[in-house]
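Single-structure report; data block below.
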Amino acid sequence: MAMSRALQLSREDLLRAYRQMRTIREFEERVHAEFATGDIPGFVHLYAGEEASAVGVCMHLTDKDAIASTHRGHGHCIAKGCDVHGMMAEIYGRKSGLCAGKGGSMHIADVSKGMLGANGIVGGGAPLACGAALAAKTLKTGGVAVAFGGDGASNQGTTAESMNLATVWKLPVIFVLEDNGYAESTASGWSVGGDAIKRAEGFGIPGVRVDGHDFFAVHDAAGEAIERTRSGGGPSFLHLKLNRYYGHFEGDGQAYRRDGEVAGLRAEIDTLDRFRRRVTEAKLLEENDLAGVDREVLALIEDSVRTAKSAAAPKSADLLTDVYLSY
Amino acid sequence: MSKKSFRQAINEALAQEMERDPRVVIMGEDIAGGLGAPGEDDAWGGVLGVTKGLVGKFGRERVLDTPITESGFIGAAAGAALRGLRPVAELMFVDFMGVCFDQIFNQAAKFRYMFGGKATTPLVIRTMFGAGFRAASQHSQCLYPIFTHIPGLKVVIPSSPYEAKGLLIQSIRDDDPVIFFEHKVMYDVEEEVPDEPYAIPFGEARFVREGDDVTIVAFGRMVSMASQAAEALAKEGVSCSVIDPRTASPLDLPTILESVRETGRLVLVDEASPRCNLATDISAQVAEQAFDALKAPIRMVSPPHTPVPFAPALEDEFVPNAEKIAAAVRSTMRAPSKQAAE
Ligand SMILES: Cc1ncc(C[n+]2csc(CCOP(=O)(O)OP(=O)(O)O)c2C)c(N)n1
Ligand SMILES: [Mg+2]
């Protein structure tokens with residue numbers, strides 16, 4: 001087997017990949033714990049377990065590229081460069097949050113970073129990514145757009161419509177299907193009729209299926225797809241098979257899962273463990289390097305929670321701002 | 001008769017109607033849950049557990065979980081209604097109507113008229129609405145004014161568990177398409193609800209309380225807020241009627257007009273965005289038909305014209321409450337000359 005191109009990443013890039021994945025993991029583990037205390041309002045959907053997707057894809061992107069995310073958006077935000085303090089403050093509904101406390105977990109965005117928003121509407125993102133790709137193409141920025149969507153979202157009409165639009169308009173857009181096995185409590189094996197890759201191929205979009213817990217496999221496949229699309233090859237499709245470690249939303253009892261399902265996943269196929277093993281066995285990074293990142297990330301998350309908790313809530317006058325630019 | 005939650009009242013109405021009429025089927029995302037998954041069947045019973053237990057009673061043939069394809073299954077429910085089924089589709093949050101609105105307002109709503117009165121569409125769409133859940137802009141809207149705007153749709157907004165059961169049974173028995181609005185903050189509210197089936201007719205408003213000075217009209221969750229306000233105002237010597245129209249379409253305007261003719265003052269409470277909502281609609285009709293009876297300008301209590309914010313402090317500021325309603329009522333009690341200056 002040819003050596004993964006990702007294994008040939010520079011030391012800096014490997015550390016960056018690990019740092020981002022670890023940041024996502026710690027962020028989500030911490031939000032999970034804090035949510036349980038009752039301090040975090042609203043609906044929260046955690047991305048823990050799926051880190052290789054966001055990071056393996058977004059490492060090939062820069063600020064001129066855009067992504068459209070989902071309700072499970074924290075990982076995409078971090079991988080696309082959103083400020084972790086701003087994200088945490090947003091989740092707590094603070095004025096200092098990335099969306100000034102008006103959006104919350106389901107709507108975190110930073111358009112300046114090309115992060116077009118988590119999304120409360122399943123299937124809402126793919127058309128937006130097509131639009132971002134159209135803008136990049138028309139304005140000749142060289143940018144591409146990535147539409148992240150789940151197995152559930154893959155069944156929305158908007159997904160099919162966007163794929164067709166991307167083909168007929170020859171848009172530089174990459175569709176990334178994050179198939180974590182469930183949409184809420186419903187298994188993707190039941191809900192997704194036919195074959196996801198064949199669906200894409202039906203629209204003339206080449207697709208590959210990848211183990212979404214293998215950072216290197218995702219990074220390789222995403223690199224090829226994005227390169228192809230960026231250089232004018234038309235839209236691409238990735239089908240990532242992965243798993244979420246928590247419930248659909250915080251508070252989900254997960255009665256639909258097998259007993260011990262998540263414990264088994266964590267023990268056997270954990271993305272971060274696998275990454276660690278690969279890079280240390282290949283002597284690309286030392287345990288020490290990784291432990292250093294772990295410490296930094298823990299401190300970052302701790303600080304983000306501490307500052308978010310003590311940050312000010314928006315003032316009542318803020319209720320009326322931002323509806324229009326002028327009115 | 002026993003104490004039941006809003007959630008249980010709805011579940012019971014569905015179960016009793018499914019029992020009574022084999023043509024009633026229910027469908028929606030995760031309304032049973034666990035399809036194709038290794039764990040329990042009926043793992044969810046809907047996102048907030050409203051349909052829990054029904055798959056055990058009626059089986060997967062009549063309790064249809066759907067993929068996330070609102071255009072597809074809401075449209076299929078409309079088509080099935082044309083052809084002999086009586087589907088009750090659950091559209092989890094009313095905000096998602098954006099995905100499937102064509103099937104509702106161009107298709108289901110218009111069949112009867114477009115087809116010259118030769119079709120019936122006994123379709124119910126149950127949907128969750130309203131603010132107060134910290135669910136932010138895409139999961140907190142009311143949107144019932146949009147449906148009220150569409151000829152051919154009936155719009156039902158129950159204000160309590162008792163109301164929910166009787167109105168849902170009526171919705172299922174009704175031969176027109178009905179959009180049934182369940183306020184997400186009300187599912188755990190409890191009251192005495194009869195065990196046997198009963199139907200509450202559409203277009204018949206209910207007096208929650210009767211008074212002489214001011215008429216308050218409120219919908220859904222706002223009915224209990226209006227009652228609280230009326231309670232507080234009674235202690236100040238202001239006596240209010242509180243009217244719950246129950247259905248926004250059809251609307252029991254005669255009852256509202258009659259009450260306004262008695263009190264001469266009207267406060268309209270509507271949780272929907274303030275432009276073109278039920279308050280403005282009723283206000284216009286009362287101004288047109290009972291202007292002579294008004295002793296003070298009509299007051300409307302609605303949120304500001306903004307999306308629903310996430311931050312708890314902002315959301316609390318956003319939603320109408322008993323104090324805001326009471327303030328509006330008091331303002332109608334002041335001398336008209338003073339009001340003009342305000
Ligand atoms: C249009 C729409 N329908 C339904 C929902 C409710 N909902 C939120 S997430 C979700 C499941 C999404 O599943 P999937 O796309 O696989 O993403 P995952 O949660 O697995 O990451 C559903 C049904 C929604 N938010 N929007
Ligand atoms: Mg999924």
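Note on naming: letters A, B, ... go to the chains in the order of the sequence lines (proteins, then strands), and numbering restarts at 1 for each one.
Of the atoms belonging to A/Lys95, not a single heavy atom falls under 4.5 Å from chain B. With a 4.5 angstrom heavy-atom cutoff, A/Ile91 touches chain B only via backbone atoms. Using a 4.5 Å cut-off between heavy atoms, A/Glu261 contacts chain B through its side chain alone, with no backbone atom that close. Contact annotation for A/Arg258: both backbone and side-chain heavy atoms come within less than 4.5 Å of a heavy atom of chain B.
What you find for A/Lys102 and B/Ser137 is that their closest heavy atoms are O-OG, 4.5 Å. Of all non-hydrogen atoms in A/Ala183 and B/Asp30, the two that sit nearest each other are O-OD2, 3.7 Å. Across all their heavy atoms, A/Gly103 and B/Ala136 have their closest contact at O-CB, 3.4 Å. Minimum interatomic distance between B/Thr306 and A/Leu319 (heavy atoms only, all atoms of both residues): CG2-O, 3.4 Å.
For the set B/Gly36, B/Pro312, B/Ala37, B/Gly98, the count of heavy-atom pairs under 4.5 angstrom toward chain A peaks at B/Ala37. Comparing B/Ala43, B/Pro38, B/Ala311 by how many heavy-atom pairs each has under 4.5 Å with chain A, the most go to B/Pro38. Contact count against chain B (heavy-atom pairs under 4.5 Å) is highest for A/Pro314 among A/Pro314, A/Gly181, A/Gly123. The residue among B/Val308, B/Asp41, B/Ile68 with the most heavy atom pairs within less than 4.5 Å of chain A is B/Ile68. If you tally non-hydrogen atom pairs under 4.5 Å between each of A/Ser185, A/Gly42, A/Ala187, A/Gly93 and chain B, the highest count goes to A/Ser185. Between chain B and the options A/Gln254, A/Arg94, A/Met106, the largest number of non-hydrogen pairs under 4.5 Å is found for A/Met106. Chain B forms the most heavy-atom pairs under 4.5 Å with one residue out of A/Ala100, A/Ala313, A/Gly101, A/Ser191, and that residue is A/Gly101.
In this structure, A/Gln156 CD and B/Ser71 OG are separated by 7.0 Å, a value rounded to the nearest 0.5 Å. The CG atom of B/Leu35 sits 12.5 Å away from the OG atom of A/Ser188 when rounded to the nearest 0.5 Å. Considering CD of B/Glu70 and CD1 of A/Ile121, their distance stands at 8.0 Å, rounded to 0.5 Å.
No side-chain donor-acceptor contact under 3.5 Å links A/Asp318 to the backbone of B/Leu314. With B/Gln138 contributing its side chain and A/Gly120 its backbone, the two residues share a donor-acceptor pair below 3.5 Å.
Counted within 6.0 Å of NZ on A/Lys309, heavy atoms from surrounding residues, nucleotides or ligands total more than 12; the atom is thus considered enclosed.
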Under the side chain to side chain contact (heavy atoms under 4.5 Å, CB included) criterion, do B/Met92 and A/Glu184 qualify, and how do the steps go?
CA-CA 12 Å; B/Met92 202 180 291; A/Glu184 296 187 341; 3.4 Å; yes
Does the side chain to side chain contact (heavy atoms under 4.5 Å, CB included) test come out yes or no for B/Val47 and A/Phe249, once each step is laid out?
CA-CA 10 Å; B/Val47 70; A/Phe249 57 83; 4.2 Å; yes
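A/Asp252 and B/Trp44 share a side-chain donor-acceptor pair at under 3.5 Å. Looking at A/Asn155 and B/Thr69, their side chains never bring a donor and an acceptor atom within 3.5 Å of each other.
For the pair A/Cys99/B/Phe310, no side-chain contact is recorded, criterion being any heavy-atom separation below 4.5 Å from C-beta on. In this structure, A/Phe43 and B/Arg134 have side chains that are not in contact, with every pair of non-hydrogen atoms separated by 4.5 Å or more.
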